[in-house]
A.B. asks: 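First the structure, then my questions, so here it is.
Order of the sequence lines fixes the chain letters, A, B, ..., with proteins taken first and strands second; residue numbering starts at 1 for each chain. Predicted model, so just to flag it, every value in this text is computed and none were measured.
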There are 4 protein chains.
Amino acid sequence: MKQLWTGRFKGSLNEQAAALNNSLPFDRRLAAQDVRGSIAWTHALLGAGVLTPGESAKIEQGLGQIGRELADESFAFAPSDEDIHTAVERRLGELIGATAGKLHTGRSRNDQVATDFRMWIVEAEAEMLAEIRKVQASLLARAEKDFGTVMPGYTHLQRAQPILLSHWWLSHFWAFERDAARLREFRSRAAICPLGSGALAGTAFPVDREGLAKELGFDAASPNSLDAVSDRDFAAEFLFAAAMTGVHLSRMADAMILFAASEFGFIELDDAFATGSSLMPQKKNPDLLELARGKSGRLIGLLTGLLAVLKGLPSAYDKDLQEDKPLVFEAADTLATVLPVVRGLLDTLTVRAERMSAALDDGMYATELADYLARKGVPFREAHAAAGKAVRRSIELGIALSKMDAEEFRKIHPALEPDLADAFRLDRALARRNATGGTAPEAVREQMEKAKNILRMA
Amino acid sequence: MKQLWTGRFKGSLNEQAAALNNSLPFDRRLAAQDVRGSIAWTHALLGAGVLTPGESAKIEQGLGQIGRELADESFAFAPSDEDIHTAVERRLGELIGATAGKLHTGRSRNDQVATDFRMWIVEAEAEMLAEIRKVQASLLARAEKDFGTVMPGYTHLQRAQPILLSHWWLSHFWAFERDAARLREFRSRAAICPLGSGALAGTAFPVDREGLAKELGFDAASPNSLDAVSDRDFAAEFLFAAAMTGVHLSRMADAMILFAASEFGFIELDDAFATGSSLMPQKKNPDLLELARGKSGRLIGLLTGLLAVLKGLPSAYDKDLQEDKPLVFEAADTLATVLPVVRGLLDTLTVRAERMSAALDDGMYATELADYLARKGVPFREAHAAAGKAVRRSIELGIALSKMDAEEFRKIHPALEPDLADAFRLDRALARRNATGGTAPEAVREQMEKAKNILRMA
Amino acid sequence: MKQLWTGRFKGSLNEQAAALNNSLPFDRRLAAQDVRGSIAWTHALLGAGVLTPGESAKIEQGLGQIGRELADESFAFAPSDEDIHTAVERRLGELIGATAGKLHTGRSRNDQVATDFRMWIVEAEAEMLAEIRKVQASLLARAEKDFGTVMPGYTHLQRAQPILLSHWWLSHFWAFERDAARLREFRSRAAICPLGSGALAGTAFPVDREGLAKELGFDAASPNSLDAVSDRDFAAEFLFAAAMTGVHLSRMADAMILFAASEFGFIELDDAFATGSSLMPQKKNPDLLELARGKSGRLIGLLTGLLAVLKGLPSAYDKDLQEDKPLVFEAADTLATVLPVVRGLLDTLTVRAERMSAALDDGMYATELADYLARKGVPFREAHAAAGKAVRRSIELGIALSKMDAEEFRKIHPALEPDLADAFRLDRALARRNATGGTAPEAVREQMEKAKNILRMA
Amino acid sequence: MKQLWTGRFKGSLNEQAAALNNSLPFDRRLAAQDVRGSIAWTHALLGAGVLTPGESAKIEQGLGQIGRELADESFAFAPSDEDIHTAVERRLGELIGATAGKLHTGRSRNDQVATDFRMWIVEAEAEMLAEIRKVQASLLARAEKDFGTVMPGYTHLQRAQPILLSHWWLSHFWAFERDAARLREFRSRAAICPLGSGALAGTAFPVDREGLAKELGFDAASPNSLDAVSDRDFAAEFLFAAAMTGVHLSRMADAMILFAASEFGFIELDDAFATGSSLMPQKKNPDLLELARGKSGRLIGLLTGLLAVLKGLPSAYDKDLQEDKPLVFEAADTLATVLPVVRGLLDTLTVRAERMSAALDDGMYATELADYLARKGVPFREAHAAAGKAVRRSIELGIALSKMDAEEFRKIHPALEPDLADAFRLDRALARRNATGGTAPEAVREQMEKAKNILRMA
């Protein structure tokens, strides 16, 4: 096994060391990007007068064939291929002979790999964004379909106030909307072309770097060659975006696991998105939601891992940076697997409106009682205390709050007059929360409109 | 000790539990925001007809006085104050009596704390951005001052190619530029006003939420009340921005610690930014750079910590979210302490140009030799191998590469003709790297211009 | 402001740099350890002939007074005190004059701080262990008190099989038992004395390091001076132990938050360990459990933070190591605050046995049905499928599984004969799980005995 | 595709969901353990009277064949195999018919996978320990081989005091010794047998769990079935041990990367453990050390990832736990790849004693000067200041400290008499550091003896 850089070396690399050093098992995933990047570099070398038109055509033809071989998996890797770059260059030599040796002029694997990886991540960003958009669409579709269904809203996992189920679905829409925004902004930092930065100091041939950037679909050429080869912010930022999306999936999944439990019984998962038990035949398990939740823990670890790698480096290129790719690939694959399943699960689950409705106990109107008093001019603190006493009294008496005697209410606070019955009307409690972002049907309808517009313009 | 929510409760909170629950030790830092937020809420309640003009004026006056007491630290906290919100409200009651109890109408601590914290973080973002800008300015000033100084560029911590020191300084400029961009974009997600979301379902009083947002300097009102009270993406994103800035500081610091070591001797820290040893009087230690490097590890931990907190929650408000603030405060304080010191250290250090120059050994011209051959039409792979052989031969002979006999060169490759002396000229080696982002003096001058424009427009 | 190491320096330290460098705000917590360590060092210097008996006595007397001043908080820190070590030494000079200057002979702050910190952490380990033991005792007490109460056991948060509540309590006992074991083992690596390692190379005076170790309560002297001053494994290991305990608290808290929700209603928190809402008077919130859960996220971040700090260092002492203490202090304080509250909460909560009992639906006997068939020789896979069909049939018919007609059962599987009624008896279902570690009352009683023995011998 | 638990289900699992749920890609690695565990369970069922001797023999024979098929990779997985457990059971059915269906009696995949995984991790622990021992042996061998070579010891990466290179090598020996101790102790918590815990409540058949544990090489049976199926402490502890070993590798690697840089030039890597550059033919890069350093960052991420997964769970088995295995496998593989390479690199590198020696500048004797004064009774603080002044004076005069005129010394401090020349003798400076753990040749020889004994008894 012989590496391409052995000019100065006498001995050859120890076998275990070669295995550790070999990045082909993961960077072969950059094959298509490597070929496209090399074709663009061929054009740049032609423009710089390094290659003749004939040489350029020959190299481009060879690279084209390699691209096809890689695409149809007929490409044969050799034991000496220590990464995708050397594999492509080796094969090029086999196909077109010595001219192949001209391709690497003025280029280094340092700028080459950074270019390939950025091309890949810009594509991954677009795919991830598209998947998030689909989950958002499913959430919006649920909000529309389930409009009118009322459920208990929780804080501290205690029943707090009645809300529309549509409002709940949409609360996740907005979390994913922030993920989408982050991904779009991330693109502006990722779509920068390092090619032409050489190993660290820039290329010594007069290539048109802005043209290169344009040909490869980047927004601009990198402004500093040292920074260009050692910057992995884009990988860390991608991992952060993935981790945040993971956190959002996890929180939604955690809540839905609760809702699918017998004790809540608010939703039932479709058989296509639930699994059974090897021991307990009656079980219908939300494994897929648990996996979505669990995998978000791993996404956090991927981010932490890369930050710990980067933190420990001096500036400039060091081989440690090679650890960036497996982490990013795993994050992208994780979300590419999880997001469609979550979407399918959302699309197919059954809502048990009657269970939600049954869970709206009277205690949830305590805020309405306090608000009723506040509207009568009672200071809220006093109103809050009175409502609290009423709740306690109803518990003592074993009577539902709304059924408690008018006299009992009056004893608690003189302003609790018979018209307080209005406070116990669900439709009114909802309708009053009509300010922007509230759970009133009208406000939720506006919210759905806003969400629809966002998806339409995405 | 009596909490404000005790209406329903018979017993009082266990003392240790109260201590655990008490967030005043850290959230008192939100005092100014809490008062401003409450004043805006007073206006909103006035607009909604909940308060009369007289009540509103009275409350506003009271809050104004509380603001002054907090600012001049004459505010006396009471043992029953379990957070800054209850402290302010308690004091308001002392100052203006029962009317104080009307302030909390239609509001919850859930939307209140989210509002306060977002106000705080938007300010912190601006301060952090300003400090980063100053470090960038110091880096640019160094690039201008040290223009012309040449140093070895490293990869794998091995001498690779000569570069301008200015190019090295600027490589960090661009890393911080990405941090600045991230912070600016982060603002758009942080400057969203949750006030008027109530505990979770929205407020039941007709307040003008967009007006509230505007009065408090936010960009918009939050679109969903459930999301508004439980979203802490902005805190995580702030911590990610801080961690990335930390990573950049760490990488720069790590390199500068090397440069300050005797073996490199490239820079000397000013006495004002170095420390001594309690045991070894000759030592001049780069403690401050080490602290900058070390603290970036903690910043990573703060981010991880919050992500782990958030990941474990169902959607909606849970008390776990209270853990967000100490983490964010620590991150902001860390960078507020470190960034100015790094800047001062950059401004005052002495560059040892002669040591840098002495470290430019002949081996660093090997790439030039290969490029020389490439320019003569030798395929780069062949050129690279020939240059490698020349390096090995010079080592065998114990002669500097540039001093090796013409005959030796010819034996290695026939195209290595006498005019190769040009390859060993430092000025030419630099000047050739003149494509955008390269280390050629001309390219670096353009880079400095670009950097200057960025700071001018910031 | 003047540091103790300024001999070689002309300028003085920049003010912001001094603030960054100053570790007194956190390392003053090591005051008692620093004094005790210095007294032991005084004895060692006496033994080595560096100090006369008179000098030694004088220094010891001075240190004794300093110890008292620190203990009663009358110690006055000076602006020049950059850490606890220099503060103590400065004060010693004020108290006993020039002889104070002899104390630091042959010692460095590097070995001094490592010694102080290890003394502190060994004490912290003992306190944390004691608190864990108390939580274990509370769990065991609950298991004893609640013996006989049956609840649904869950997997995937779906009702799975009936279990004893005591079994559930004890499942947490064993998790904490592992924490206790880890802490005990950790001690053997923490209780190593670095004093006498100097700055890095060992002390140049003939001190008796094993004697020193013994006097300070350590198990042994460190075997290598370089390693001794730069090893922070003990801090990382402490943080890992704390994070694991946090994970255990979090998992238990998460389950108890569920159990306290209305939908489960299995437990009710005592008023002394629950909080109310500022907006919703009917709420009784498990804030303390949420804080226990949330804080475990921060503990993970503390561990990550230190590992990231350590990973980025070359071997030997670097100032980054100073970051170790705030992380460890925060972890110790967190658990010292959370553990007693969790204990109190456990001791005072009310179990709602009737709610648990009501949640034992018939589906949970499906495994019994399958086991019934298996005991009759039906292969388990076939038995499992038959039980599954029975569950589905009972759902179709809208009849509880145990009430389904014998004929229906026979149609599903011929071996489902009338004696299957036994499979639906709760007491039998429990009693059959009688192998070690099972939920049968007899097995649980043995388990309690085992737990009791552990606590007795602890 | 049909899963084994479909009795109750009407629809079949969505294809993408099945892919997400499928753990075979990673848990097939537990194949050997799964077969061994199943054989032991067969014996247990025989003992419990569930299987007849004939059935037991038949199942065991079938499992034996499956074990062979898996070992020689002739085992054919089917699309319906959703994990290794179902694959083995499916194949058993093909081989021996319906009797295969009896194997899963009284067992659940929950206890089965926990058992398999613990068996695997106990083996992995032993392998990792063995590899660490080999690295320790290489470090000890280097210490012996390089005995007598003197190098500068550093703190803050500044030259501090002369030390023996052997002392430096051994400082890493002790760090790995702690890793070894942690692994040994970890075993006691990992080698606990969960088999017989069923899904959560224990098995309903009278199996001998202690016998099972013994047959499978475990130390004991788990004491609580709930805890047994949901405890993943052992995985987290394994990841922590791996991360700490990673941190130790990283710190050693970081220092060696420095030592291999031209500016230090202390070591030269063998060609078998260094790589070249694709652009710069003169480079000899320490890629393998960089990979060792970088990979330790990923190890930290693996630990963080699992802790974040665990923290987010209620107690009891949830599918999130499935995420444990890929993390542990990756950690084990990483160290299994890195440790042997680091060892090979240590064994083959060349020490440049002359470069180390040349780096011992006079400033490093400043401590000796201070100690000289201290030995004369000058308080160390005064001695330290005087030594500092001497260093500054020698810098001003441009004369090496040891060559400075006696008169100059006297002016600095009257006790600096002509006999101070002794302070500048390297051999004396080393020899004086003779307390346990010091760098004196004698102390280092004792240290080597101690290390040798440890390895002998390992």
A.B. asks: Could C:Asp27 and C:Lys325 be called an ion pair, given the rule that one side-chain N must be under 4.0 Å from one carboxylate O?
C.D. replies: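 Salt bridge absent between C:Asp27 and C:Lys325.
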A.B. asks: Salt-bridge test for B:Arg109 and B:Glu82: reply yes if a basic N is under 4.0 Å from a carboxylate O, no otherwise.
C.D. replies: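 Looking at B:Arg109 and B:Glu82, the cut-off is met.
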A.B. asks: Using a 4.5 angstrom heavy-atom cutoff, name the option from B:Leu307, B:Val341, B:Leu345 with the most pairs to chain C.
C.D. replies: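 Of the options given, most contacts go to B:Val341.
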A.B. asks: Who among B:Leu302, B:Val342, B:Asp287 has the most heavy-atom pairs with chain C under 4.5 Å?
C.D. replies: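 The residue among B:Leu302, B:Val342, B:Asp287 with the greatest pair count is B:Asp287.
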A.B. asks: Answer yes if the side chains of C:Asp270 and C:Thr348 hold a donor-acceptor pair under 3.5 Å, and no otherwise.
C.D. replies: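 Their side chains do not contain a donor-acceptor pair, so the 3.5 Å distance test is not met.
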A.B. asks: Any side-chain donor-acceptor pair under 3.5 Å between B:Thr86 and B:Asp81?
C.D. replies: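 B:Thr86 vs B:Asp81: no donor-acceptor pair found between side chains.
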A.B. asks: Could you look at B:Gln322 and say if it's the side chain, the backbone, both or neither that has a heavy atom under 4.5 Å from chain C?
C.D. replies: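 Side chain only.
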A.B. asks: Quick one: do C:Asp271 and C:Lys284 make a salt bridge, cutoff under 4.0 Å?
C.D. replies: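 A salt bridge links C:Asp271 with C:Lys284.
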A.B. asks: Among B:Ser296, B:Pro326, B:Ala19, B:Gly344, which residue has the highest count of heavy-atom pairs closer than 4.5 Å to chain C?
C.D. replies: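 With the most close heavy-atom pairs to chain C, the winner is B:Pro326.
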A.B. asks: Sort out for me which of B:Ile300, B:Val338, B:Ile257, B:Thr304 touches chain C most, counting heavy-atom pairs under 4.5 Å.
C.D. replies: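 Heavy-atom pair counts peak at B:Thr304.
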A.B. asks: Below 4.5 Å, heavy-atom pairs only: which of C:Ala272, C:Ala308, C:Gly305 has the largest tally toward chain B?
C.D. replies: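 Counting heavy-atom pairs under 4.5 Å, the top option is C:Ala272.
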A.B. asks: Hey, which of B:Gln16, B:Lys295, B:Lys311 has the most heavy atom pairs under 4.5 Å with chain C?
C.D. replies: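 Sorted descending by pairs with chain C, the first entry is B:Lys295.
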A.B. asks: Which bit of C:Leu20 is near chain B, if near means a heavy-atom gap under 4.5 Å: side chain, backbone, both or neither?
C.D. replies: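 Contact with chain B: backbone and side chain both.
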A.B. asks: Is the backbone of B:Ser108 close enough, under 3.5 Å, to the side chain of B:Asp111 for a donor and an acceptor to pair up by distance?
C.D. replies: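 Here the side-chain-to-backbone pair exists.
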A.B. asks: Answer whether the closest heavy-atom distance between the side chains of B:Leu200 and B:Asn110 falls below 4.5 Å.
C.D. replies: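 Of all side-chain heavy-atom pairs linking B:Asn110 with B:Leu200, none is under 4.5 Å.
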A.B. asks: Looking at B:Ala292, B:Gly312, B:Gly297, which makes the most heavy-atom pairs under 4.5 Å with chain C?
C.D. replies: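 Looking at each of B:Ala292, B:Gly312, B:Gly297 in turn, B:Gly297 comes out on top.
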